[in-house]
There are 4 protein chains.
Amino acid sequence: MQLNFNSPKPIYLQMVDEVKKALARGELKPGDKIPSHKEQAQLLQVNPNTVMRAYQEMEREGLTETLRGQGTFIKNDSAILQSIRSEMAQAAVQQFIEDMRGLGIEPEEMAHMLRVTLNKEG
Amino acid sequence: MQLNFNSPKPIYLQMVDEVKKALARGELKPGDKIPSHKEQAQLLQVNPNTVMRAYQEMEREGLTETLRGQGTFIKNDSAILQSIRSEMAQAAVQQFIEDMRGLGIEPEEMAHMLRVTLNKEG
Amino acid sequence: MQLNFNSPKPIYLQMVDEVKKALARGELKPGDKIPSHKEQAQLLQVNPNTVMRAYQEMEREGLTETLRGQGTFIKNDSAILQSIRSEMAQAAVQQFIEDMRGLGIEPEEMAHMLRVTLNKEG
Amino acid sequence: MQLNFNSPKPIYLQMVDEVKKALARGELKPGDKIPSHKEQAQLLQVNPNTVMRAYQEMEREGLTETLRGQGTFIKNDSAILQSIRSEMAQAAVQQFIEDMRGLGIEPEEMAHMLRVTLNKEG
DNA sequence: GTGGTCTAGACCACA
DNA sequence: GTGGTCTAGACCACC
């Protein structure tokens with residue numbers, strides 16, 4: 001889990017996104033236990049309260065489920081879960097197109113630049 | 001000029017970016033006068049201090065220059081100006097690739113999704 | 001016995017209340033044996049420690065008594081027992097009135113709403 | 001605004017309820033500004049962070065709306081707002097009936113006890 | 001001054 | 001040990 005402490009985006013929201021991405025990538029699966037907030041806090045060198053906040057946000061969004069004294073788990077009965085990957089991907093595509101349009105770049109050039117950069121980086 | 005008041009990105013930085021984008025699009029040209037901070041504040045429904053700060057930032061970056069009593073103008077002798085478009089475009093591409101990689105999406109599918117969405121939206 | 005695991009009210013106190021209610025309803029009588037904490041824990045899917053704590057609390061309140069090696073029993077010589085029903089009922093009435101007053105609802109309307117809901121539910 | 005610091009119900013949720021009740025009573029109206037979290041914290045002798053949490057919860061529920069640097073206001077375009085009073089009243093009635101049923105008390109006696117208590121208290 | 005994030009550390013109920 | 005609330009106080013962006 002990678003956090004950017006200089007980003008204006010709050011850490012706890014970055015953490016929510018990281019979990020969503022891990023789900024999209026298939027690294028996290030429904031039913032999986034995620035580390036306790038205290039453990040996670042040590043791993044990420046972050047305050048336990050910050051982790052708690054991220055976890056509560058995830059629960060509010062229906063991503064996880066909490067069992068008193070047992071831990072926090074990825075929900076498996078949620079429709080959200082199925083669609084996370086495509087939704088987040090679609091959002092990224094939209095953002096990209098919007099950014100490029102804002103710079104006055106035409107669709108063909110968008111595709112071109114993408115191809116070039118992908119080739120360069122292998 | 002579009003601002004997102006709920007974004008974690010500071011409004012004054014959003015304003016700087018909007019000016020850069022207008023330059024990239026060719027809507028603003030070297031030598032153009034930009035509105036006084038009071039005018040701009042009314043236009044955008046934003047506190048004059050915020051506009052001031054955005055203008056200071058632009059000046060600091062060498063994007064604009066202020067002529068006493070005459071207003072703020074887009075500089076034309078700046079090397080930055082030439083490269084704004086390609087730099088911002090490259091940043092958008094990088095961001096897009098990073099986002100998609102984070103979701104475990106392969107290069108071919110990135111290009112595919114981009115094409116599909118561009119076609120859908122005309 | 002119904003427990004709400006998401007209520008802020010501690011589970012062991014919910015259990016005490018449930019026993020009191022069963023007494024009020026006449027489902028439990030003085031002298032009745034209540035299940036061992038292990039049995040009860042399995043029945044309610046609750047940690048045995050939690051049941052223990054509920055039992056301790058009941059004993060502290062003079063509701064039950066424990067006979068070594070024989071189990072826990074509802075006491076019958078307790079003055080508390082006689083008044084449980086009316087006390088809890090009175091508390092419920094008070095709570096109701098307070099809640100409704102908090103909403104700015106007048107006594108007549110309280111009675112009216114109660115009647116309507118009771119009729120609707122048969 | 002009355003808080004019960006000994007209640008198992010978290011203070012920040014009590015605060016949300018108090019605001020809802022004030023709305024139901026008509027003491028708070030759409031568009032009204034509520035005290036800043038720091039001011040409120042002093043008034044209630046509570047930590048500012050606790051107030052913040054209550055305010056954020058209200059915003060999440062669509063009760064209020066926040067304007068950066070200006071304060072927190074009761075929303076006026078929310079359907080929720082219209083129905084708060086009846087919803088909360090209905091919830092109180094349901095709770096009352098459930099409590100009384102739990103004690104084995106019949107509908108007629110519920111109404112009777114309510115009437116008696118209301119008369120006693122004037 | 002106003003909303004908002006983060007840290008640090010205490011304390012509680014439950015497993 | 002695990003979730004969860006509360007306090008105290010720093011720091012930031014914006015009004």
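Just so it is clear: chains get the letters A, B, ... in the order the sequence lines come, proteins before strands, and each one is counted from 1.
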Rounded distance (Å) that lies between atom P of E/dT5 and atom CD of D/Glu59: 10 Å

Minimum-distance pair of heavy atoms, taken over all atoms of A/Asp99 and B/Ala92: CB-CB, 3.9 Å

Atom-to-atom span, CG of B/Asn6 to C1' of E/dG4 - whole angstrom: 12 Å

Given DNA chain F, 5'-ward residue of the pair A/Met52 and B/Thr50, judged by closest heavy atom: A/Met52

Dot-bracket pairing map - DNA chain F, Watson-Crick plus G-U, both contacts under 3.5 Å, | cross-strand: ||||||||||||||.

Side chain proximity check, D/Ile74 to D/Glu65, heavy atoms < 4.5 angstrom: no

Taking N or O atoms only and anything under 3.5 Å, show me the protein contacts with nucleotides 8-10 of chain E, one pair per line.
| from | atom 1 | to | atom 2 | distance (Å) |
| --- | --- | --- | --- | --- |
| E/dA8 | N7 | A/Asn47 | ND2 | 3.1 |
| E/dA8 | N6 | A/Asn49 | ND2 | 2.7 |
| E/dG9 | O6 | A/Asn49 | ND2 | 2.7 |

Sorted by number, the residues of residues 8-23 of chain A with heavy-atom contact under 4.0 Å to DNA chain E: A/Pro10, A/Ile11, A/Tyr12

Position toward the 5' end of DNA chain E (nearest nucleotide), A/Gly69 or A/Lys38: A/Lys38

Phosphate OP1/OP2 of F/dC6: any D/Arg53 side-chain N/O under 4.0 Å: no

CD-CG distance between A/Gln56 and A/Asn49, expressed to the nearest 0.5 angstrom: 9.0 Å

Side-chain N,O (D/Gln56) to OP1/OP2 (E/dT5) below 4.0 Å: yes

Sub-4.5 Å side-chain heavy-atom contact between A/Val46 and A/Phe5: yes

Under 4.0 angstrom between D/Gln45 side-chain N/O and F/dT7 OP1 or OP2: no

Below 4.0 Å: OP1/OP2 of E/dT2 and any side-chain N or O of D/Thr72: no

side-chain hydrogen bond (donor to acceptor under 3.5 Å, both in side chains) involving A/Glu39 - partner list, sequence neighbours excluded: none

A/Met58 CE - F/dG4 P separation (whole Å): 11 Å

Spacing of A/Met15 atom CE and A/Gln2 atom CD [to the nearest 0.5 Å]: 13.5 Å

Let me have the donor-acceptor pairs involving side chains of residues 7-14 of chain C, under 3.5 Å, with sequence neighbours excluded, atom names and distances please.
| from | atom 1 | to | atom 2 | distance (Å) |
| --- | --- | --- | --- | --- |
| C/Ser7 | OG | C/Lys9 | N | 2.9 |
| C/Lys9 | NZ | C/Asp17 | OD2 | 2.9 |
| C/Gln14 | OE1 | C/Asn4 | N | 2.8 |
| C/Gln14 | NE2 | C/Asn4 | O | 3.0 |
| C/Gln14 | NE2 | C/Lys9 | O | 2.9 |

Side chain proximity check, A/Leu103 to B/Arg25, heavy atoms < 4.5 angstrom: no

Residue whose closest nucleotide on DNA chain E lies nearer the 5' end, D/Leu67 versus A/Gln70: D/Leu67

Any D/Thr66 side-chain N or O less than 4.0 Å from OP1/OP2 of E/dT2: no

Distance, rounded to the nearest Å, where D/Gln42 contributes CD and E/dG1 contributes C1': 12 Å

Separation of atom CD in B/Gln40 from atom P in F/dC15, rounded to whole Å: 14 Å

Gap between atom CG of A/Asn47 and atom NE2 of A/His37 - 0.5 Å precision: 9.5 Å

Carboxylate-amine/guanidinium contact C/Glu61 C/Lys20, below 4.0 Å: yes

Spacing of A/His37 atom NE2 relative to E/dC12 atom P, expressed in whole Å: 16 Å

Spacing of A/Leu44 atom CG relative to E/dT7 atom C1', expressed in whole Å: 15 Å

Listed partners of A/Glu59 passing side chain to side chain contact (heavy atoms under 4.5 Å, CB included), at least two apart: A/Thr64, A/Thr66

side-chain N/O D/Arg68 vs F/dC15 OP1/OP2, d < 4.0 Å: no

Chi angles and distances behind the side-chain contact (heavy atoms from CB on, under 4.5 Å) call for B/Met58, B/Ile34: CA-CA 12 Å; B/Met58 290 192 287; B/Ile34 59 178; 3.9 Å; yes

Between P of E/dT2 and CD of D/Glu39, the distance in whole Å: 6 Å

